[in-house]
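A short worksheet on the structure shown next.
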Amino acid sequence: MNDHDRARTASRRPRPARRALLCCAVLLSLTVPASAMAAETTMVKLIKGLIASGALKPEDGQALLVQAEAEAAAAQRGTAVSTASSGGVALEAGDVRVPYVPQSVRDGIRDEVRQDVMAQAKAEGWAAPNEVAEWTKRIKVSGDMRVRSESRFYSERNSDIETNWASVNAGNGFDTNNNTNLQLPPLLNTRQDRRNLWRIRARLGIEATIGQHTTAGVRLASGSSNGPVSTTEQLGGGLGKKDVWLDQAWLAYSPSDWVTVRGGRFGNPFWTSDTLFSNDLNFDGLAANLRYDLAEDVGLFGNLAVVPLEYTSDSAPSQSRVKTPNENKWLSGAQVGVNWRFNDDNSLRAALGYYDFKNISGRLSSPCALYAGEVGCDTDWSRPAFMQKGNTLMLIRDIARNPLDPANTPTPQYVGLASAFRLATFNLRWDTQLAQDIGMRLDADYIRNLAYDKQAMFARANNGIVNNYGAGGSASIDTFRSGDTAWMLQATFGATELKEKGQWQALLGYKRIEADALPDAYNDPNFHLGGTNARGYYVGGAYALDARSWISGKWMAAKEVSGPPLSIDVFQLEFNTGF
């Protein structure tokens with residue numbers, strides 16, 4: 001390269017000052033926001049000034065000028081769009097344009113983020129460090145407590161010879177031979193009042209959801225004995241500790257919404273009143289509850305159960321090579337019903353039921369030589385495992401006499417039920433609204449023992465029936481007094497369930513239970529102090545002192561349907577709570 005070429009090249013190369021100005025112009029063009037219109041016009045002027053001053057050669061400056069003017073035009077178009085989208089407000093230098101995001105989009109983003117975070121938190125265990133274990137959410141605890149003062153009032157005109165047959169069966173039998181036994185059998189109190197008997201009831205249950213279709217339940221309860229109809233514990237007894245019993249233990253499976261199958265020991269699977277089954281009665285065995293909605297306001301339900309009442313002992317008689325055959329006692333029951341809601345203020349519930357008690361009747365034994373050392377007779381198993389009072393009873397032992405001294409042979413006897421029991425029942429309930437917060441419920445029950453037959457009873461007992469005869473006269477089929485029917489009517493006013501403070505309830509009812517209308521072992525132990533052969537009225541009321549806590553009082557006046565006079569009035573004052 002010659003000197004002339006070097007001089008020409010040097011004249012084309014930007015000098016340091018010009019290079020600095022050029023860099024400044026380029027940098028300014030890159031850093032100034034394109035949305036600032038005043039800055040863009042200044043940039044064009046600046047480039048033109050650099051060209052005029054000689055800092056930029058015309059050909060270099062012209063290229064920059066064309067680029068600057070093009071960017072200015074583009075910025076002008078963007079500003080117009082931005083102004084329109086921002087409601088006609090032009091952005092100024094330094095403003096930042098934030099696009100609008102709809103609320104629904106923001107909510108969706110927030111929920112999605114929240115779900116992702118909570119899923120990760122639960123997986124890693126840091127979402128709620130104080131949260132209880134998952135299995136506790138599947139456990140439901142419930143219970144109730146009752147304190148009662150009970151008074152029993154007996155008429156002075158009552159018969160004073162009422163045999164306590166349950167006590168006879170629980171012992172070694174009662175010797176009916178007057179030559180070898182001059183004592184009376186165990187007798188019930190019939191004339192001496194018992195006032196202010198303080199009693200309690202406590203129950204605590206746990207119900208667990210095992211899986212989607214399986215649940216389980218266990219409940220403990222108080223009780224003065226292992227009798228089936230009451231969990232009431234009488235206080236006193238030298239301030240000794242009170243008993244706790246396994247009241248319920250069951251498993252349930254619901255393959256669908258319309259059926260539940262339950263096995264073990266569970267609450268009453270049927271819809272009945274305490275005329276037939278005590279409110280405290282639990283059932284052993286297997287039960288199924290079904291329901292089906294025909295329409296929004298009409299539904300059907302059905303209940304089935306097979307209940308073992310008592311198993312014969314494997315080794316009875318204990319000292320005999322010939323054992324008692326399998327004579328287990330069973331209850332098989334079926335019930336169908338309908339629920340019908342007429343409107344918001346009226347509903348009706350009705351059900352028909354059938355209950356077959358198998359092998360619970362007494363049986364007369366074959367001749368048994370107790371005098372020769374036999375420890376029992378072959379039908380001793382047929383005496384009831386539990387009984388209250390009222391049913392017709394028969395002697396069940398055919399005791400052989402010692403041929404060497406027949407007149408002085410002891411004859412210790414047990415008793416069994418003289419009648420068979422196959423019950424047909426009808427239950428009816430009507431709920432209506434009388435006024436705001438004042439409802440009325442009418443309940444009616446009808447029970448008929450289809451197996452009742454007094455001729456068959458006397459034949460079964462071989463004339464060995466021991467009770468339910470008319471006053472005076474001889475004990476014969478002509479003076480026999482019993483019956484096969486029971487019914488109940490009850491009206492309840494106010495709140496049907498006391499859940500809130502200030503709610504109240506009043507009730508009035510009447511019952512009539514003939515002697516052999518139903519087994520006396522399983523019904524309400526309070527009216528006439530339990531059992532059958534009873535009729536009378538009852539009246540009561542309750543008031544909620546607090547949520548799920550109430551006081552109540554009930555007066556029950558009852559007497560015999562037939563036979564010797566037995567009038568028993570019961571008054572109960574209670575404080576109840578539940579959770």
Side-chain angles (χ1 to χ4, degrees), residues 159 161-163 165-166 168-169 174 176 185 275-276 309-310 325 327-333 353-368 377-384 387-399 411 413-426 446-487 512-523 531-535 560-564 566:
S159 168
I161 304 179
E162 289 289 331
T163 302
W165 294 108
V168 170
N169 278 350
F174 176 70
T176 58
T275 306
L276 179 58
L309 299 174
E310 187 180 0
E327 299 286 358
N328 298 330
K329 302 177 183 181
W330 293 87
L331 163 62
S332 300
Y354 181 78
Y355 306 92
D356 183 11
F357 293 85
K358 182 180 179 182
N359 285 342
I360 70 169
S361 302
R363 295 190 187 180
L364 187 62
S365 72
S366 58
C368 52
C377 301
D378 56 8
T379 62
D380 285 353
W381 59 267
S382 68
R383 68 188 190 271
M387 57 192 302
Q388 297 190 88
K389 64 180 186 297
N391 283 159
T392 301
L393 302 173
M394 57 174 277
L395 302 177
I396 62 173
R397 282 179 163 180
D398 183 6
I399 301 175
T411 56
Q413 280 285 358
Y414 290 131
V415 294
L417 302 180
S419 178
F421 292 92
R422 294 190 299 274
L423 311 183
T425 66
F426 175 67
Y446 179 80
I447 303 169
R448 179 79 178 271
N449 181 10
L450 304 179
Y452 175 79
D453 184 341
K454 69 177 182 179
Q455 298 287 346
M457 291 164 61
F458 271 80
R460 180 183 299 111
N462 193 25
N463 293 318
I465 289 179
V466 298
N467 64 335
N468 289 340
Y469 294 102
S474 62
S476 67
I477 193 171
D478 296 328
T479 60
F480 179 68
R481 300 291 182 269
S482 183
D484 61 359
T485 303
W487 56 272
R512 178 185 172 91
I513 311 172
E514 294 177 348
D516 292 304
L518 49 97
D520 66 25
Y522 307 117
N523 71 343
T532 62
N533 194 18
R535 59 187 172 97
E560 79 290 343
V561 175
S562 60
L566 183 61

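Between Ala486 and Leu518, the closest heavy-atom pair is CB-CD2, 4.1 Å. Residues Ser419 and Arg460 share a closest heavy-atom pair of CA-NH1, 4.0 Å. The two residues Ile360 and Pro519 come nearest to each other via the heavy atoms CD1-CG, 4.1 Å. Between Ser361 and Ser382, the shortest heavy-atom contact is O-CB, 3.9 Å.
Taking 4.5 Å as the limit, every side-chain heavy atom of Leu364 sits out of range of all side-chain heavy atoms of Thr379. At a threshold of 4.5 Å between non-hydrogen side-chain atoms, the residues Thr275 and Ile513 count as touching. You'll find the side chain of Leu331 reaches within 4.5 Å of the side chain of Tyr355, heavy atoms only. In this structure, the side chains of Glu327 and Arg363 come closer than 4.5 Å at one or more pairs of heavy atoms. When side chains are defined from C-beta on, Trp165 counts as touching Met387, because their heavy atoms get closer than 4.5 Å. When side chains are defined from C-beta on, Phe421 does not count as touching Leu450, because their heavy atoms never get closer than 4.5 Å. The closest side-chain heavy-atom distance from Leu395 to Ile465 is not below 4.5 Å. Residues Met394 and Asn462 are not in side-chain contact: their nearest non-hydrogen atoms beyond the backbone lie 4.5 Å or more apart.
For the atom pair Ser476 OG and Asp478 CG, the distance stands at 4.5 Å (nearest 0.5 Å). Once rounded to the nearest 0.5 Å, the distance linking OG of Ser562 with OH of Tyr469 reads 12.5 Å. One finds the CG atom of Asn467 at 4.5 Å from the CG atom of Leu393 (value rounded to the nearest 0.5 Å).
Using modelled atom types and a 3.5 Å distance limit, the side chains of Asp398 and Ser365 yield no donor-acceptor pair. Residues Asn468 and Thr392 have side chains that bring a donor and an acceptor to within less than 3.5 angstrom of each other.
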Step-by-step salt bridge (Lys or Arg N to Asp or Glu O under 4.0 Å) determination, Arg397 to Asp380: CA-CA 7 Å; Arg397 282 179 163 180; Asp380 285 353; 2.8 Å; yes
Do Gln388 and Asn523 pass the side-chain hydrogen bond (donor to acceptor under 3.5 Å, both in side chains) test, and can you show the C-alpha distance, the side-chain angles, and the key distance before you say yes or no? CA-CA 9 Å; Gln388 297 190 88; Asn523 71 343; 3.2 Å; yes
Under the criterion side-chain contact (heavy atoms from CB on, under 4.5 Å), I'd like the reasoning laid out for Trp381 against Lys329: C-alpha separation, chi angles, the key distance, then a yes or no. CA-CA 10 Å; Trp381 59 267; Lys329 302 177 183 181; 4.1 Å; yes
Under the salt bridge (Lys or Arg N to Asp or Glu O under 4.0 Å) rule, what do Lys389 and Glu162 come out as? Steps first, then yes or no, please. CA-CA 10 Å; Lys389 64 180 186 297; Glu162 289 289 331; over 6 Å; no
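Within the 3.5 Å criterion, the main-chain N or O of Glu560 finds a donor-acceptor partner in the side chain of Arg535. In this structure, the side chain of Asn169 engages the main chain of Val415 through a donor-acceptor pair within 3.5 Å. Looking at Arg422, its side chain never comes within 3.5 Å of a backbone N or O of Ala451 through a donor-acceptor pair. In this structure, Thr532 contributes its side chain and Ala515 its backbone to a donor-acceptor pair below 3.5 Å. In this structure, the side chain of Asn359 engages the main chain of Asn328 through a donor-acceptor pair within 3.5 Å. Between the Asn449 side chain and the Asp516 main chain, a donor and an acceptor come within less than 3.5 Å of each other. For Asn391 (side chain) and Asp520 (main-chain N/O), a donor-acceptor pair under 3.5 Å exists by modelled atom type.
Applying the side-chain contact (heavy atoms from CB on, under 4.5 Å) test to Thr176 and every residue at least two apart in sequence or in another chain returns Phe174, Thr411, Gln413. For Arg512, the salt bridge (Lys or Arg N to Asp or Glu O under 4.0 Å) test picks out Glu514, with sequence neighbours left out.
The ring of Phe458 has its center closer than 6.0 angstrom to the ring center of Phe480.
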